[in-house]
Amino acid sequence: MTEQLLPARPAHPLPDGVSITPDGQRPDEAPSLAARNNGGVVPGSAPAPAGRREALLVLGFGGPEGHDQVMPFLENVTRGRGIPRERLESVAEHYHHFDGVSPINDQNKALVAALRGAGVDLPVYWGNRNWAPYVEDVWREMADDGIEHAYVLATSAYASFSGCRQYHEDVARARVALESDPSAPAGPTAEKLPHYYDADGFVQANADALAAALAELPEELRDGARLVATAHSIPDAMAAVAGPGGHTYERELETAARLVVDRVAPGRSFDLVWQSRSGPPSVPWLEPDVNDHLQALSAEGVQAVVVFPVGFISDHLEVIWDLDNEAKETAEELGLAFARAGTAGTHPAFVRSLVDLLAERRAGGEPRLGTNCPASCCFVQRPAGRPGARPS
């Protein structure tokens, strides 16, 4: 792909003034987004109807493919949030450090290829929220191909607005955009696959990576090294409404990290900390930041750390920049031995778990959180005046 062939906006966007929320209904009122995307029916436990034309959609965040795409991409990500231009330019430098190319696109293409090679017997599509191929355009492609129902695999394993609900919104936006065009064919219904933070293959992939990272440390430091799990920080207010009862994001991460550590060193302690904060200082976000935590560990006399980014599924730019550059530099300044574990990526066990997750839904497994999300689940009220037609 070249920069000239990647548009800054979808070819089939949601029309101005059109909303993903039916008239007279608040976004957090029934029917839920999960039900609306499934044709008005709450996802159930019945097997997929025989003969229905189905597909799997890998739905990601998106990323630029060259220097000229970095600022348009960041503008898409932050549209309606009032982020100062200088902040975007600062973040843009992270991408320019890597020739303006985000690794996330190639990683998602590799995941699609791995799923196809692991026995998925459905067409597998790939779409993004913030950059080409846009989900709106891929939805049109699926409609043109006669797909009647899509299973959506989000590239996030956890609950939260940005980690789950926003993917439901992406699907709703794509479906409404298609429905708004009288010349377009009927599009598929959809259901998002459930959270997979505790899937055996996800745990195994992260455990293998943690064990390999531990082995990178000098032998005499391994037993005393502090294990530090990281995940993307989110605003406290977002964490408070994550999941049906709130704070599900933190609970799922604690569970995942515990499962991973117990595969490597049963019962060994670990810390869960946060990275990649992007909001203004006046807004409270989950803490401590990984760099602050490394400083605290050093003050305690810790000599070595192993960071394992269990909150991410691939080594995309935030993992590479925030851990391999900033956190590693902090550790070096403090004199801490430092190793960073890889992410699940296309680890065969992880890919098999995703194939199993799809098979479970097609066979009529009980819909779990992520698939059957209540209407108010992870709902975050947008500021007044923020564009409602295209959530970012």
Side-chain angles (χ1 to χ4, degrees), residues 61 74 77-78 81 83-84 86-95 97 104 156-163 197 206 209-210 213 225-242 247-258 260-261 269-343 380:
F61 189 80
L74 292 176
V77 173
T78 60
R81 290 166 54 187
I83 304 297
E86 55 269 23
R87 172 58 181 161
L88 296 187
E89 291 173 347
S90 174
V91 175
E93 287 307 311
H94 300 172
Y95 287 92
H97 183 78
I104 198 168
S156 166
Y158 300 93
S160 76
F161 168 73
S162 55
Y197 65 94
N206 280 279
L210 176 58
R226 188 68 67 93
L227 307 183
V228 179
T230 70
H232 204 302
S233 185
I234 60 175
D236 287 0
M238 187 184 293
V241 298
H247 296 287
T248 303
Y249 182 59
E250 301 106 295
R251 286 197 298 272
E252 290 181 345
L253 281 158
E254 285 276 359
T255 297
R258 179 75 270 163
V260 169
V261 171
S269 63
F270 66 90
D271 305 321
L272 174 61
V273 304
W274 311 97
Q275 64 171 89
S276 309
R277 176 195 167 117
S278 61
S282 59
V283 177
W285 284 50
L286 295 178
E287 295 180 337
D289 176 78
V290 60
N291 294 285
D292 295 336
H293 189 65
L294 293 178
Q295 293 176 7
L297 293 180
S298 178
E300 293 176 11
V302 172
Q303 295 182 297
V305 294
V306 176
V307 174
F308 61 111
V310 72
F312 305 88
I313 74 163
S314 68
D315 280 17
H316 57 69
L317 190 123
E318 284 177 317
V319 174
I320 295 171
W321 182 265
D322 295 347
L323 297 182
D324 295 349
N325 286 272
E326 293 182 349
K328 183 179 180 181
E329 183 177 308
T330 297
E332 289 173 349
E333 291 172 352
L334 295 167
L336 285 170
F338 178 91
R340 197 270 288 180
T343 48
V380 176

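In this chain, numbering begins with 1 at the start of the sequence shown.
For Ala213 against Ala339, the heavy-atom pair with the smallest separation is O-CB, 3.4 Å. Here the shortest heavy-atom pairing between Glu252 and Ala157 reads OE1-O, 4.3 Å. Residues Ser160 and Ile234 share a closest heavy-atom pair of CB-CD1, 4.2 Å. The two atoms that bring Val310 and Tyr158 nearest to each other are O-OH, 2.9 Å, heavy atoms only. The two atoms that bring Thr230 and Pro309 nearest to each other are OG1-CA, 3.3 Å, heavy atoms only. Here the closest non-hydrogen pair linking Pro288 and His293 is CG-ND1, 4.2 Å.
Between His232 and Phe312, the ring planes are tilted. Angles from 30° to 60° get that label.
Taking 4.5 Å as the limit, every side-chain heavy atom of Ile83 sits out of range of all side-chain heavy atoms of Val91. Trp321 places none of its side-chain heavy atoms less than 4.5 Å from the side chain of Ser276. No side-chain heavy atom of Pro280 sits less than 4.5 Å from a side-chain heavy atom of Arg87. A heavy-atom distance below 4.5 Å is found between the side chains of Leu286 and Tyr249.
In this structure, CG on Asn291 lies 9.0 Å from CD on Glu329, to the nearest 0.5 angstrom. Atoms CG and OH, on Asn206 and Tyr197 in that order, are 14.5 Å from each other to the nearest 0.5 Å. Rounding to the nearest 0.5 Å gives a distance of 12.0 Å between OG of Ser314 and CZ of Phe61. The CG atom of Leu336 lies 13.5 Å from the NZ atom of Lys328; values are rounded to the nearest 0.5 Å. Atom NE2 of His97 sits about 5.0 Å away from atom CG of Asn325, to the nearest 0.5 Å.
The salt bridge (charged side-chain N to carboxylate O under 4.0 Å, His left out) pairs that include a residue from residues 315-326 are Asp315-Arg340, Asp324-Arg340, where partners are two or more places apart or lie in different chains.
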Exercise for review: For the pair Tyr95 and Leu317, evaluate side chain to side chain contact (heavy atoms under 4.5 Å, CB included) and give the outcome as yes or no after the intermediate values.
Suggested key: CA-CA 8 Å; Tyr95 287 92; Leu317 190 123; 3.8 Å; yes
Could you go through Leu227 and Asp271, starting from their C-alpha distance and side-chain angles, then the distance that decides it, and tell me whether this counts as side chain to side chain contact (heavy atoms under 4.5 Å, CB included)?
CA-CA 6 Å; Leu227 307 183; Asp271 305 321; over 6 Å; no
Item checked: Thr330/Phe338 under side chain to side chain contact (heavy atoms under 4.5 Å, CB included): CA gap, chis, key distance, verdict -> CA-CA 10 Å; Thr330 297; Phe338 178 91; over 6 Å; no
Q | Step-by-step side chain to side chain contact (heavy atoms under 4.5 Å, CB included) determination, Leu253 to Trp274 | A | CA-CA 11 Å; Leu253 281 158; Trp274 311 97; 3.6 Å; yes
Check the pair Arg258 / Thr255 against side chain to side chain donor-acceptor pair (under 3.5 Å), numbers first and verdict last. CA-CA 5 Å; Arg258 179 75 270 163; Thr255 297; over 6 Å; no
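Among Leu294, Val290, Asp289, the single residue meeting the side-chain contact (heavy atoms from CB on, under 4.5 Å) criterion with Asp292 is Asp289.
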